[in-house]
Amino acid sequence: MSTKSVAPGEELQDFIRDIVRDDLASGRVKSLLTRFPPEPNGYLHIGHAKSIVLNFGLAQEFGGQCNLRFDDTNPVREEMEYIDSIQENVRWLGYDWGDNLFYASDYFQQLYEWAEYLINEGKAYIDDQSAEEIRETRGTLKQPGKNSPYRERSVAENLDLFRRMKAGEFAAGSRVLRAKIDMASGNVNMRDPVIYRILHSPHPRTGDAWCIYPNYDFAHGQSDAIEHITHSICTLEFADHRPLYDWFIENLPVPARPRQYEFSRLNISHTVLSKRRLIQLVEEEHVKGWDDPRMPTISGLKRRGYPPAALRDFARRVGVTKSDNLIEMALLEYCVRERLNKTAERRLAVLKPLKVVIENYPEGEEETLEAINNPEDPQAGKRMLPFSRELYIERDDFMEDPPRKFFRLAVGREVRLRYAYFITCREAVKNAEGEITELRCTYDPATRGGDAPDGRKVKGTIHWVSAAHAVPGEVRLYDHLFKVPEPGSDGDYIADLNPDSLTVLSEAMLEPSLAGLEPGSAVQFERQGYFAVDPDSSPEKPVFNRTVALRDSWAKIQAKK
RNA sequence: UGGGGCGUAGCCAAGCGGUAAGGCAACGGGUUUUGAUCCCGUGAUUCGCAGGUUCGAAUCCUGCCGCCCCAGCCA
């Protein structure tokens, strides 16, 4: 399976890969070891996918390895449920970490010992100040902080206090362990950062074994060192933490010297990718859960029908740099179409049905016509479509007063029914309200299959489904979750939500082969778009999600008017 | 003069002193039983701005401008 958009043999080019090549070439590292380090406190989204594809992709490209490591240092926010969904998501994206599944919590004992080591070295101390006091004495971005009154405690007292913290003698928040670095540093992260805090809450994996927990800064780099990670890749907001990351590596007897590199996080137009905002969308029910097909979460994209290969391709196409970016949703959609065009079988489905009666087709008669499953893939074979006197076509494929360039049906005009016959519309039947309820047409028996023996041409080909054989179903049409490229750029992002992001069509008519497909199956409804079977689907009532519409140059022309 | 990062086409992005790759979008045209796919063609005398070094600068130097991140006992 080809998962790359780059030509065979062509190497991806970015600053991370430059560094990796140099390190491998110079022998600084003998083999590459990366890691993907999610915190199990939420669902993964496409921004994480970029990181996953980078870290696992690097390992694949350079014959290295990528570990999956949960950064589970904060028991008050983390849950087992997320640990499971994250693993599922990474696997679904197509990556395998083998036996290399780790948890920062696996290292709690080692981390604790290193904390004591720092105390013994006179490089860490117990601070009795409250959180507010610590904040107040940290200084501001432009002014240095003040030393804590507890900063010069003896090693013995620090050790005693730290052990009693561990033993559970103190209340949460009453004391913390701080690294003794420099309260006047221009980098706020270096102003005696807190590295251990008291948290009397059970941990999803270690239970009540601990009541003190290391924080991110004290756990991440050391975990990298324990695993002998060579390149610890994270996003730009951690660049300010790198001096601290390095400080621990230099001041602790760690078994390896990993290095941290930062790249800019992914931003995509017409959606949001921050955990906080995603949670709000779910909690305030602007969407129907984490896997709502409009969500940029991995589970949402999966339910929407986005193929993992398209996501991988997308992640590679956006590149890896340090500059702020806003990738147009159009690029993601392009990747999805490109993939699905090659893999999705074609089907006929009428979303907004309009009945058609073929007056000169014998009543009670029916026949089957051959249709190609995927013109892009001969291996996909063919199928048979039932045809009869009464059909449904798309309402949008008929116009009473059509403009000149309208190639579809109108009274007096002839079009081709895909894989079937040429038909000519004779009359549009209306009800009392003046709405068109039915089209009376005639067909040309000589055009069976869709070609006229006399060589005459028709401008349009439309899709259809035999009324007697059609399977009714529900089709969910999705549009951008937000109506503007940058939600919240001028005010509240909630106000930018697209009220029409979901349209449910409950009276769609599907060709028979569309019934009974497995949830997740992807098909193309010809002339309309790619659709995926929703988990809500049942053989009695199929439900399809529109993954992405086909490119539509006719709609584009219409929009210009 | 807090610290850190970034500025190449509408959106991304190569480029690493030798005279601006590529993709998406847009716009033309061709093929077509999906107004789809596919194919062909169209963009930067210029790389945030201003100086300087050099035979030669997007690439080196200096100054300026703009944008993003940091003051959780979150990650």
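Chain letters run A, B, ... following the sequence lines, proteins first and then strands; every chain starts at 1.
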May I have the distance from [X] (atom [atom1]) to [N] (atom [atom2]), rounded to whole angstrom?
{"X": "A/F314", "N": "B/G23", "atom1": "CZ", "atom2": "P", "result": "17 Å"}
{"X": "A/L332", "N": "B/C11", "atom1": "CG", "atom2": "C1'", "result": "13 Å"}
{"X": "A/R317", "N": "B/G23", "atom1": "CZ", "atom2": "P", "result": "9 Å"}
{"X": "A/M329", "N": "B/A26", "atom1": "CE", "atom2": "P", "result": "15 Å"}
{"X": "A/I462", "N": "B/U32", "atom1": "CD1", "atom2": "P", "result": "21 Å"}
{"X": "A/E262", "N": "B/G3", "atom1": "CD", "atom2": "P", "result": "18 Å"}
{"X": "A/N341", "N": "B/C24", "atom1": "CG", "atom2": "P", "result": "14 Å"}

Taking any strand in view, what nucleotide pairs with [N] in a Watson-Crick or G-U wobble way, both distances under 3.5 Å?
{"N": "B/G41", "value": "B/C27"}
{"N": "B/G2", "value": "B/C70"}
{"N": "B/G35", "value": "none"}
{"N": "B/A50", "value": "B/U62"}
{"N": "B/G22", "value": "B/C12"}

Base, sugar-phosphate or nothing for [X]? Non-hydrogen atoms, less than 4.0 Å.
{"X": "A/R178", "value": "nothing"}
{"X": "A/R408", "value": "base"}
{"X": "A/N41", "value": "nothing"}
{"X": "A/Q143", "value": "nothing"}
{"X": "A/K405", "value": "base"}
{"X": "A/P144", "value": "nothing"}
{"X": "A/V176", "value": "base"}
{"X": "A/I134", "value": "base"}
{"X": "A/D217", "value": "nothing"}
{"X": "A/Y334", "value": "sugar-phosphate"}
{"X": "A/R77", "value": "base"}
{"X": "A/H241", "value": "base"}
{"X": "A/Q129", "value": "base"}
{"X": "A/Y196", "value": "nothing"}

Within 45° of the ring axis of [Y] and under 6.0 Å from its six-membered ring centre, is that where the NZ or CZ of [X] lies?
{"X": "A/R277", "Y": "A/Y493", "result": "yes"}
{"X": "A/R416", "Y": "A/F422", "result": "no"}
{"X": "A/K322", "Y": "A/F263", "result": "no"}

Nucleotide of [options] approaching [X] most closely (side-chain heavy atoms):
{"X": "A/D240", "options": "B/G4, B/A36, B/G2", "value": "B/G4"}
{"X": "A/R551", "options": "B/C68, B/G72, B/A25", "value": "B/A25"}
{"X": "A/F238", "options": "B/C73, B/C6, B/A75", "value": "B/A75"}
{"X": "A/T321", "options": "B/A14, B/U37, B/U34", "value": "B/A14"}
{"X": "A/E328", "options": "B/U34, B/G2, B/G10", "value": "B/G10"}
{"X": "A/R138", "options": "B/G72, B/C24, B/G5", "value": "B/G72"}
{"X": "A/D14", "options": "B/A75, B/C27, B/A14", "value": "B/A14"}
{"X": "A/T73", "options": "B/C11, B/C27, B/A75", "value": "B/A75"}
{"X": "A/F406", "options": "B/C73, B/G2, B/G35", "value": "B/G35"}
{"X": "A/K322", "options": "B/G2, B/G3, B/C6", "value": "B/C6"}

Phosphate OP1/OP2 of [N]: any [X] side-chain N/O under 4.0 Å:
{"X": "A/K142", "N": "B/A71", "answer": "no"}
{"X": "A/S323", "N": "B/A13", "answer": "yes"}
{"X": "A/R276", "N": "B/C74", "answer": "no"}
{"X": "A/S130", "N": "B/C73", "answer": "no"}

Mind telling me if B/G17 is syn or anti? Syn here is a glycosidic angle within 90° of 0. anti

Could you say whether the aromatic ring of A/W554 and the base of B/G35 stack, counting only centre distances under 5.5 Å and plane angles under 30°? yes

State plainly whether the residues A/E338 and A/R317 are in salt-bridge range, i.e. N to O under 4.0 Å. yes

SB check A/E78 A/R205 (cutoff 4.0 Å): no

Same-atom distance ([atom1]) from [N] to [M], integer angstrom:
{"N": "B/C49", "M": "B/G7", "atom1": "C1'", "answer": "11 Å"}
{"N": "B/U19", "M": "B/A58", "atom1": "C1'", "answer": "11 Å"}
{"N": "B/C24", "M": "B/G41", "atom1": "P", "answer": "14 Å"}
{"N": "B/A25", "M": "B/U59", "atom1": "P", "answer": "32 Å"}
{"N": "B/U1", "M": "B/C65", "atom1": "P", "answer": "13 Å"}
{"N": "B/C67", "M": "B/G28", "atom1": "C1'", "answer": "36 Å"}
{"N": "B/A36", "M": "B/U31", "atom1": "C1'", "answer": "13 Å"}
{"N": "B/A57", "M": "B/G52", "atom1": "P", "answer": "12 Å"}

Can you confirm whether A/Y392 sits close enough to A/V356 that some side-chain heavy atom of one is under 4.5 Å from a side-chain heavy atom of the other? no

Residue closer to the 5' end of RNA chain B, A/L550 versus A/I327 (nearest nucleotide): A/I327

Toward the 5' end of RNA chain B, by each residue's nearest nucleotide, A/G139 or A/A184: A/A184

When the aromatic ring centroids of A/Y43 and A/Y82 are compared, is their separation below 6.0 Å? yes

Angle between ring planes, A/F36 versus A/H48, binned at 30° and 60°: parallel, tilted or perpendicular? perpendicular

Would you please classify the geometry between the A/F70 ring and the A/Y103 ring as parallel, tilted or perpendicular, with 30° and 60° separating the classes? parallel

Quiz question: going by heavy-atom distance under 3.5 Å, is there a donor-acceptor pair between the base of [N] and the side chain of [X]?
{"X": "A/R527", "N": "B/G35", "answer": "no"}
{"X": "A/Q524", "N": "B/U34", "answer": "yes"}
{"X": "A/N187", "N": "B/G4", "answer": "no"}

Within 6.0 Å of NZ in A/K275, more than 12 heavy atoms from elsewhere: yes

